[in-house]
2 protein chains.
Amino acid sequence: MNQATSTCDRILDSAEQLFAEEGFHATSLRQITQAAEVNLAAVNYHFGSKQALILAVFRRRLDALNRARLVQLEQALAQGKPPQLEAVLEAFVVPALAFTHGSADAGHRFMRILMRALADRDEQLHRALSAEYAHVMQRFARAIAEALPGLHERDLRRQLDFIVGALTYTMAECEVSDGREIAADLVRFAAAGLRKAISSRTKPGAVRTLEIHP
Amino acid sequence: MNQATSTCDRILDSAEQLFAEEGFHATSLRQITQAAEVNLAAVNYHFGSKQALILAVFRRRLDALNRARLVQLEQALAQGKPPQLEAVLEAFVVPALAFTHGSADAGHRFMRILMRALADRDEQLHRALSAEYAHVMQRFARAIAEALPGLHERDLRRQLDFIVGALTYTMAECEVSDGREIAADLVRFAAAGLRKAISSRTKPGAVRTLEIHP
DNA sequence: GTTCGATTGAAACGAGTGTTTGAATGTTAG
DNA sequence: CTAACATTCAAACACTCGTTTCAATCGAAC
């Protein structure tokens, strides 16, 4: 509203960076406002409280990330009647490393924040996370169920947790430059795991199975 | 040294529980000492500092966990010349939910702490974690390489990260009672992913592949 | 120019933090 | 018993935290 970047945005940028580096509780408002070159009281004036700032930092990126995921998912669904499993998984994984709005490693930073939030037991933050994610996860679960008929929804939900865990941990831990390669590996890894889940679940006694991956 | 549980142990128990529920930075020494019914100064007397207490909480469980993993891995390796992939993965996954020394959900609690530590950027804690884990991970990587000849070590390391992420996230997030079932699913999931990785990497152009799971 | 609302600024508030201190207490060996 | 040591205790230390307050400043509408 005034200069190159508004006070609100400068606070959000600095908070995002410091939260990723130090954590939510370990980062003080004085660190944030000093890095953002704004007054200490600006945080409580614009956001109300530190907790509200944390949520705001979250929503800004998570909205964009999940929107990008859904867009790519629609593209995948539009291409084939029974959607290609790999295309669905790519729609979930690839935007996680490509949605960087600002600097090049903003995605990496945010993944670190996301992992902190998942590890955190903060109720309010957890509920806000679920609210953002529940719709998206359900949409992807449905798409995967279409691509892999025969997989029970209850099992599917757990497999999705595996993928979320692997994605979040790996993206937060590894080098930024390897992002694309990691995503490709994870898609392959997850696709194989999902296909095995269906064949094992439908025939639990069969140890010798045969799979064809088109 | 004196009663049913020593001061040190009571501090470690209370700290572990509170760290899992609230996080490292969000938990104060006064909360811990009050829950443990010991004097505030006891922490600094017995452990030196809060940071040292965090490391102590960690080492106590992680040592036992990784020791149990290696024992089960040796059993798996002793059974077959080329080790069974599923047996190797079980040796990594199952102890994570079975190593509970004290109360029934101690393992669940510790997984939450472990996830916090992985998310945390604290250098000292991270180095301590690597020191505990590096040896174990290398041992498992070698075992998996034996079970799956043809898989490059560089790729294997990344697949292991996927498994660690999936295990930590799922164990920390889900119900305690589902532990055994989750472990079985994760082993199946990971085994399929690893087998696909080797076949995809050796023949990168081949989209139509065939797999037999003995 | 004046008025009014929104924003920024410097300073203080009260509460909570990890840590230290020094005396009191318990425990063991000579 | 007593000396020496390890442990516990209550109190205080110096500091940082998130939040609040109130005056100063800005920007437009009248």
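This is a predicted model, so every value here is computed, not measured. A, B, ... follow the sequence lines: proteins, then strands. Residue 1 opens every chain.
You'll find the ring centres of B/F58 and B/F110 inside the 6.0 Å limit.
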Protein-nucleic acid N or O pairs under 3.5 Å, nucleotides 16-21 of chain D:
unit_1, atom_1, unit_2, atom_2, d
D/dC17, OP1, A/S28, OG, 3.1
D/dG18, OP1, A/K50, NZ, 2.7
D/dG18, OP2, A/L29, N, 2.9
D/dG18, N7, A/R30, NH1, 2.8
D/dG18, O6, A/R30, NH2, 2.7
D/dT19, OP2, A/N44, OD1, 3.2
D/dT19, OP2, A/K50, N, 2.9

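Between the side chains of B/Q124 and B/Q51, at least one donor N or O sits under 3.5 Å from an acceptor N or O.
Cation-pi geometry between B/R69 and B/F92 is met: under 6.0 angstrom from the ring centre, within 45 degrees of the axis.
For the pair B/K196 and A/E86, the salt-bridge criterion is not met [side-chain N within less than 4.0 Å of a carboxylate O].
Protein atom CG of A/N39 is 16 Å distant from nucleotide atom P of D/dC22, rounded to whole Å. Rounding to whole angstrom units, CD of residue B/E37 and C1' of D/dT8 are separated by 15 Å. Distance B/F47 CZ to C/dT19 P: 13 Å, rounded to the nearest Å. For the pair A/Y45 OH and C/dT8 P, the computed distance is 7 Å after rounding to whole Å.
Checked against side chain to side chain donor-acceptor pair (under 3.5 Å), A/Q72 has no partners two or more places apart in sequence or in another chain.
Between the CG atom in B/D155 and the CZ atom in A/R188 there is a gap of 8.0 Å [rounded to 0.5 Å].
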